[in-house]
Amino acid sequence: MPSNDGPRINEAISARSVRCIDPEGEQLGILSIGEALDKAADLGMDLVELQPNAEPPVCKILDYGKYKYQAQKRANEARKKQKIIEVKEIKLRPNIDQHDYDVKMKAVRKFIDGGDKVKITLRFRGREMAHVELGAALLERVKGEIDEFAKVEALPKMEGRQMIMILAPK
C-alpha cells in the first residue's frame with residue numbers, strides 16, 4: 001500500500017540494505033531489506049523509509065497508521081497557528097472633523113496591532129476635486145502619526161475620485 005505523498009513502507013522499499021532503527025530509537029545497524037522486514041513483522045509493525053536519499057537509506061520500525069495520524073495532527077496544528085493577513089479599509093473625507101479623525105486613527109491602530117494591513121481611502125466629492133492638496137496634506141498627517149507602529153507600503157496616489165494609501169505593520 002505505497003502512497004505517492006508519504007514515505008515508502010514495507011515491500012515498497014527498493015534498497016537492498018538499510019540502516020535500521022527500532023521503535024525506541026535505538027540503532028540496529030545496517031541490515032538487508034529481508035532482515036529488516038522480518039524484524040518489523042516480529043514486532044507487528046511496519047518498516048518505514050524515513051531518509052530515502054541517505055546511503056544506505058534510513059528506515060525505522062514503527063506503526064505506520066499512528067505515524068500518519070501524528071503527522072496529520074502536526075500539519076493541522078501548524079495551519080491553525082498561521083496568520084492570514086487581511087487588508088482592512090478606512091474611508092476618510094478631506095474636511096474630516098478632529099474627533100472623527102481621532103476615531104479613525106484609533107481603528108487604524110487596532111488593525112495594525114492585529115497584524116493586518118490598512119488601506120486608507122480618501123474620497124473626494126464634487127468641488128473637493130479642485131483641492132486635492134488638502135487630501136494629500138491629510139494623508140501626510142496620517143503618515144506622520146502612524147510612523148512609530150506602521151510603515152507606508154504604498155504612497156498616496158490618485159485613482160479616479162479617490163486617493164489611496166496602504167499601511168502595513170512594522
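Values below: every heavy atom of this structure, side chains too, minus hydrogens, waters and symmetry copies.
The CG atom of Asp46 lies 10.0 Å from the CD1 atom of Ile61; values are rounded to the nearest 0.5 Å. Between atom OH of residue Tyr69 and atom NZ of residue Lys73 there is a gap of 4.0 Å, rounded to the nearest 0.5 Å. Note that CD1 of Ile164 is 9.5 Å distant from CE of Met158, once rounded to the nearest 0.5 Å. Summarising the geometry, atom CE belonging to Met165 is positioned 10.0 Å from atom OG1 belonging to Thr121; distances are rounded to the nearest 0.5 Å. With rounding to the nearest 0.5 angstrom, the CD atom of Glu128 is 5.0 Å from the CG atom of Asn95. Distance CD1/Ile112 to NZ/Lys88: 11.5 Å, rounded to 0.5 Å.
Between Lys143 and Glu140 a salt bridge is recorded (basic side-chain N to carboxylate O distance below 4.0 Å).
Listed by first and then second residue, the side-chain hydrogen bond (donor to acceptor under 3.5 Å, both in side chains) pairs involving residues 156-170 are Arg123-Gln162 (not counting sequence neighbours). Residue pairs meeting the salt bridge (Lys or Arg N to Asp or Glu O under 4.0 Å) criterion with at least one member in residues 22-34, sequence neighbours excluded, do not occur.
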Review item, side-chain donor-acceptor pairs of residues 144-152, under 3.5 Å, at least two apart:
| unit_1 | atom_1 | unit_2 | atom_2 | d |
| --- | --- | --- | --- | --- |
| Glu145 | OE2 | Tyr101 | OH | 3.2 |
| Lys151 | NZ | Pro169 | O | 3.4 |

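In this structure, Val58 shares a hydrophobic cluster with Ile21, the cluster being traced through Ile, Leu, Val, Met, Phe, Trp and Tyr side chains under 4.5 angstrom apart. Residue Val103 belongs to no hydrophobic cluster, having no ILVMFWY side-chain heavy atom closer than 4.5 Å to its own. Ile84 shares a hydrophobic cluster with no other residue; no ILVMFWY side chain has heavy atoms under 4.5 Å from its own.
Side-chain contact between Met129 and Arg127 is absent, with no heavy atoms from C-beta onward closer than 4.5 Å. Side-chain contact between Arg125 and Arg93 is present, with at least one heavy-atom pair separated by less than 4.5 Å. Residues Phe111 and Ile90 form a side-chain contact, since some pair of their non-hydrogen atoms from C-beta on lies under 4.5 Å apart. Residues Tyr67 and Ile9 have side chains not in contact (no heavy-atom distance under 4.5 Å, counting atoms from C-beta outward).
Taking each heavy atom of Ala15 and Val18 in turn, the nearest pair found is CB-CG1, 4.2 Å. Listed here is the closest heavy atom pair of Lys60 and Pro23: CE-O, 4.1 Å. Nearest heavy-atom pair across Pro156 and Leu139 is CB-CD1, 3.7 Å. In terms of heavy-atom proximity, Leu47 sits nearest to Ile13 at O-CD1, 3.6 Å. Heavy-atom minimum distance, Pro57 versus Glu49: CB-OE2, 3.5 Å. Taking each heavy atom of Cys20 and Leu31 in turn, the nearest pair found is CB-CD1, 3.7 Å.
Ile166 and Leu122 fall into different hydrophobic clusters, defined by Ile, Leu, Val, Met, Phe, Trp and Tyr side-chain heavy atoms under 4.5 Å apart, directly or through other members. Linking Ile, Leu, Val, Met, Phe, Trp and Tyr whenever their side-chain heavy atoms come within less than 4.5 Å puts Leu92 and Leu155 in one cluster. Cluster membership check: Leu138 shares its hydrophobic cluster with Met163, using side-chain heavy-atom separations under 4.5 Å among Ile, Leu, Val, Met, Phe, Trp and Tyr. By the criterion of side-chain heavy atoms lying less than 4.5 angstrom apart, applied directly or through intervening Ile, Leu, Val, Met, Phe, Trp or Tyr residues, Leu37 is not grouped with Leu62; the two fall into different hydrophobic clusters.
Just one residue in the list Gln98, His99, Lys106 forms a side chain to side chain donor-acceptor pair (under 3.5 Å) with Asp102, and that residue is Gln98.
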Self-check item: Stepwise side-chain contact (heavy atoms from CB on, under 4.5 Å) check, His131 with Glu133
Solution: CA-CA 5 Å; His131 300 287; Glu133 70 280 355; 3.3 Å; yes
